[in-house]
Amino acid sequence: MLKMIGKKLAIKQAVFFIFCFLNSLLFAEGRQITFGGKAGWPVFDSAHNVTIGKGRYGYDCVELATNSFGVDEYTDLLVNFEDSQKIVAAGNYDIVYNHLKTTTEAVMDKSAGLSRNLGGICLLGNKGSFFGTEGLQGSFSIEFWLSPSIAENGETIINWESSKNVRGRLIYQLMNCVFENGHLNWTLSNFFDDYKNENGEGEVYLEGTSYIVPDKWSYHTLSYDCETGILEYIVNGITEDIKYITSTGTEDGDIYLVVLGAPSELEFCSEYTGKIDDIRILTRAFQVPDYQSAKMAGKPGRMIYRPEGGRFKTKPFMVSTGSQLSGFDVEKNTPSQTDVCFFIRSGDNFFNWSDSYPEWKPVDDYEPIPQVSGLYYQIACDFYTNGDGSETPSVTSITLDFTEIPQPLPPFSLKAVAGNGCVKLNWNYSVDSTTGGYYIYYGSRPGEYLGSIAIEGASPVNVGNTTNYTLTGLENGRIYYFAVASWSSLDDRIVGQLSQEVFARPLERLK
């Protein structure tokens with residue numbers, strides 16, 4: 001008989017729990033979050049080889065970047081000529097003057113700069129930029145594509161002049177890049193702290209060996225690595241001249257670092273006739289992949305979009321505890337042979353997330369929704385071009401639908417009775433069937449429940465499914481304020497609104 005009663009009670013409890021769960025789902029609330037579209041795209045957590053273009057209905061879309069240089073944390077300056085109104089695409093530099101025209105005879109993307117020996121472009125770096133900051137600097141590389149019309153002696157591609165104070169004396173500084181006998185040569189004077197060449201001077205001279213053919217594009221880089229002391233001039237990915245900026249002039253000496261003087265103007269193409277494209281300054285030394293992508297772009301029939309594809313990740317965004325993804329809708333354009341793939345992941349705490357954890361789950365419109373739930377979500381998107389790189393997919397908007405567990409209603413008729421070092425609280429049960437228990441919030445200021453003195457714990461105190469509770473260890477003579485909130489039977493982290501506030505003052509004379 002007792003076994004039968006026990007079984008019946010167990011069945012009733014199971015039925016009651018299932019009823020409560022189904023009831024919570026029945027009254028679950030819907031929520032929608034949209035990225036892109038009318039609201040625009042937020043700042044991404046990371047983005048590689050993608051850019052913002054124009055998508056459907058005139059809204060911004062995300063698409064593959066073209067084969068022009070990308071922008072990352074090392075980009076100090078990028079002049080790419082793609083936007084005639086803003087040729088400085090990245091970097092903290094102001095244009096002093098610009099006599100360059102734009103031309104469609106480009107090597108990188110769609111536009112290049114055209115110089116007619118009228119003064120070129122002059123920039124002034126702001127504080128924080130490489131040439132706008134006085135003092136010690138680290139590694140750097142200066143890169144550009146060049147297609148001269150004449151390659152005449154004395155034509156100047158880069159010129160920078162300044163001065164620095166060395167032990168009370170003003171020392172002249174110079175960096176220039178000039179044509180001599182069909183080659184490009186570099187001169188750097190007093191650019192490196194305490195460096196002296198074999199003649200006891202602070203001048204470094206790098207000489208090109210390749211003949212620069214008129215009307216043909218070539219890729220030039222001046223690179224300095226502060227960890228090795230190597231300064232090198234590189235043409236089309238091949239080192240043409242190299243110097244060790246060290247005390248011995250070899251790899252074994254002490255390394256001298258870049259020390260710049262007062263910020264001054266940086267000139268490109270001041271005396272030059274021909275084309276220049278994608279001028280870039282990086283705060284790191286040259287890397288082989290820099291030329292690999294540039295070389296691909298410089299070939300006839302070059303690819304327009306990045307062949308390796310691109311990817312972006314949104315920042316983790318918060319929905320609510322226990323939220324379940326219920327819908328995924330994308331406004332996209334995928335020309336023939338292109339593709340775009342979406343992934344999503346979730347969890348209750350994103351601070352320990354890595355590139356591979358939690359697991360990314362593929363998701364797409366018109367496909368079953370994967371089982372993902374949590375407080376935080378993150379979306380990733382991969383882009384793939386067609387075989388010859390002439391087309392890019394694009395994404396105008398991503399809309400996600402969530403089913404959220406509703407917050408339980410607060411209890412009513414909260415009362416507080418003061419005692420000696422304690423306060424007893426009483427309230428009625430919440431009328432919400434999804435309520436699993438209650439939190440007591442307390443503090444010594446109205447509406448600020450930051451209390452931590454009670455023996456039962458800091459605010460809020462989880463008191464379980466009860467309608468009365470006593471907080472002890474409170475300070476006599478101090479007034480305290482209280483409120484109670486319900487938490488969901490499905491998850492005690494899902495907390496509803498606070499009840500009305502009550503107050504009480506414990507006193508020693510009270511029982």
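In this chain, residues are counted from 1 in sequence order.
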If you measure from the Lys or Arg side-chain nitrogens to the Asp or Glu carboxylate oxygens, is any gap between [X] and [Y] under 4.0 Å?
{"X": "Asp194", "Y": "Arg167", "value": "yes"}
{"X": "Lys54", "Y": "Asp60", "value": "yes"}
{"X": "Asp382", "Y": "Lys313", "value": "no"}

Treating [X] as the side-chain partner and [Y] as the backbone partner, does any N or O pair qualify as donor plus acceptor under 3.5 Å?
{"X": "Arg280", "Y": "Ile142", "value": "no"}
{"X": "Gln324", "Y": "Val372", "value": "yes"}
{"X": "Ser430", "Y": "Ser486", "value": "no"}
{"X": "Asp72", "Y": "Thr75", "value": "yes"}
{"X": "Thr396", "Y": "Arg56", "value": "yes"}
{"X": "Ser499", "Y": "Val484", "value": "yes"}
{"X": "Thr102", "Y": "Ser84", "value": "no"}
{"X": "Asn476", "Y": "Gly421", "value": "yes"}
{"X": "Ser223", "Y": "Ala285", "value": "no"}
{"X": "Thr283", "Y": "Tyr74", "value": "yes"}

What distance do [X] atom [atom1] and [Y] atom [atom2] have between them, rounded to the nearest 0.5 Å?
{"X": "Cys122", "Y": "Glu265", "atom1": "SG", "atom2": "CD", "value": "3.5 Å"}
{"X": "Ile369", "Y": "Lys361", "atom1": "CD1", "atom2": "NZ", "value": "12.0 Å"}
{"X": "Glu82", "Y": "Thr51", "atom1": "CD", "atom2": "OG1", "value": "10.5 Å"}
{"X": "Leu136", "Y": "Cys226", "atom1": "CG", "atom2": "SG", "value": "8.5 Å"}
{"X": "Tyr376", "Y": "Asp348", "atom1": "OH", "atom2": "CG", "value": "9.0 Å"}
{"X": "Lys38", "Y": "Ser397", "atom1": "NZ", "atom2": "OG", "value": "13.0 Å"}

Distance-only side-chain donor-acceptor flag, Asp432 / Thr434, under 3.5 Å: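 Looking only at side-chain atoms, Thr434 and Asp432 do form a donor-acceptor pair, the distance falling under 3.5 Å.
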
*Will you find, in the side chains of Gln32 and Asp401, an N or O donor that is under 3.5 Å from an N or O acceptor?*
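Yes - a donor-acceptor pair under 3.5 Å links their side chains.
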
Could you check if a side-chain atom of [X] sits within less than 4.5 angstrom of a side-chain atom of [Y], using non-hydrogen atoms only?
{"X": "Val88", "Y": "Leu123", "answer": "yes"}
{"X": "Phe343", "Y": "Cys341", "answer": "yes"}
{"X": "Glu143", "Y": "Asp278", "answer": "no"}
{"X": "Trp353", "Y": "Gln378", "answer": "yes"}
{"X": "Phe140", "Y": "Leu222", "answer": "yes"}
{"X": "Phe192", "Y": "Leu231", "answer": "yes"}
{"X": "Val330", "Y": "Phe342", "answer": "yes"}
{"X": "Tyr449", "Y": "Tyr439", "answer": "no"}

Quick note, side-chain hydrogen bond (donor to acceptor under 3.5 Å, both in side chains) partners involving residues 457-466, not counting sequence neighbours, are Asn462-Trp487

Taking all heavy atoms of [X] and all of [Y], pick out the closest pair and write down the distance.
{"X": "Pro393", "Y": "Val340", "result": "CB-CB, 4.3 Å"}
{"X": "Ala380", "Y": "Arg311", "result": "CB-NH2, 3.3 Å"}
{"X": "Val502", "Y": "Leu414", "result": "CG1-O, 3.3 Å"}
{"X": "Ala262", "Y": "Ser162", "result": "O-OG, 2.6 Å"}
{"X": "Gly128", "Y": "Thr133", "result": "N-OG1, 2.9 Å"}
{"X": "Met175", "Y": "Phe131", "result": "SD-CZ, 4.1 Å"}

(Q) Parallel, tilted or perpendicular: which one describes the rings of Phe191 and Trp160, with boundaries at 30° and 60°? (A) perpendicular

In terms of the angle between their ring planes, are Trp41 and Phe312 parallel, tilted or perpendicular, with boundaries placed at 30° and 60°? perpendicular

Test side chain to side chain donor-acceptor pair (under 3.5 Å) applied to Ser139 and Glu227, step by step
CA-CA 8 Å; Ser139 300; Glu227 295 186 1; over 6 Å; no

task = Begin from the C-alpha positions of Glu267 and Ile121 and carry the test side chain to side chain contact (heavy atoms under 4.5 Å, CB included) through to its verdict.
result = CA-CA 6 Å; Glu267 299 172 323; Ile121 181 173; over 6 Å; no

For atom CD of Glu73, is the number of surrounding heavy atoms from other residues, nucleotides or ligands below 6.0 Å larger than 12? yes

How about Asp355: does its CG atom have over 12 heavy atoms from other parts shown lying under 6.0 Å from it?
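Atom CG in Asp355 is not packed in, count stays at 12 or less.
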
Exercise. Assess whether side chain to side chain contact (heavy atoms under 4.5 Å, CB included) is satisfied between Cys61 and Val395, documenting all intermediate values.
Key: CA-CA 5 Å; Cys61 71; Val395 177; 5.9 Å; no

Is the Phe268 to Phe144 ring centre distance short of 6.0 Å?
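Centroid separation for Phe268 and Phe144: 6.0 Å or greater.
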
Working for side chain to side chain contact (heavy atoms under 4.5 Å, CB included), residues Leu124 and Tyr93
CA-CA 6 Å; Leu124 182 62; Tyr93 287 78; over 6 Å; no

- Can you name the residues that form a ring pair (Phe, Tyr, Trp, His ring centres under 6.0 Å) with Phe35, not counting sequence neighbours?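 Result, ring pair (Phe, Tyr, Trp, His ring centres under 6.0 Å) vs Phe35: Phe317.
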
Contacts satisfying ring-ring contact (aromatic ring centres under 6.0 Å, His included) that involve residues 405-429 (not counting sequence neighbours) are Trp427-Tyr438

Fill in: Single hit among Thr334, Thr338, Val50, Asn333 for side-chain contact (heavy atoms from CB on, under 4.5 Å) with Ser394
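It is Asn333, the one option of Thr334, Thr338, Val50, Asn333 that forms the side-chain contact (heavy atoms from CB on, under 4.5 Å) with Ser394.
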
| Taking the six-membered ring of Phe402 as reference, does the NZ or CZ atom of Arg31 fall below 6.0 Å from its centre and within a 45° cone about the axis? |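 Checked: cation-pi criterion not met.
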
Checklist entry - Can Thr470 and Val423 be said to form a side chain to side chain contact (heavy atoms under 4.5 Å, CB included), step by step? => result CA-CA 6 Å; Thr470 301; Val423 172; over 6 Å; no

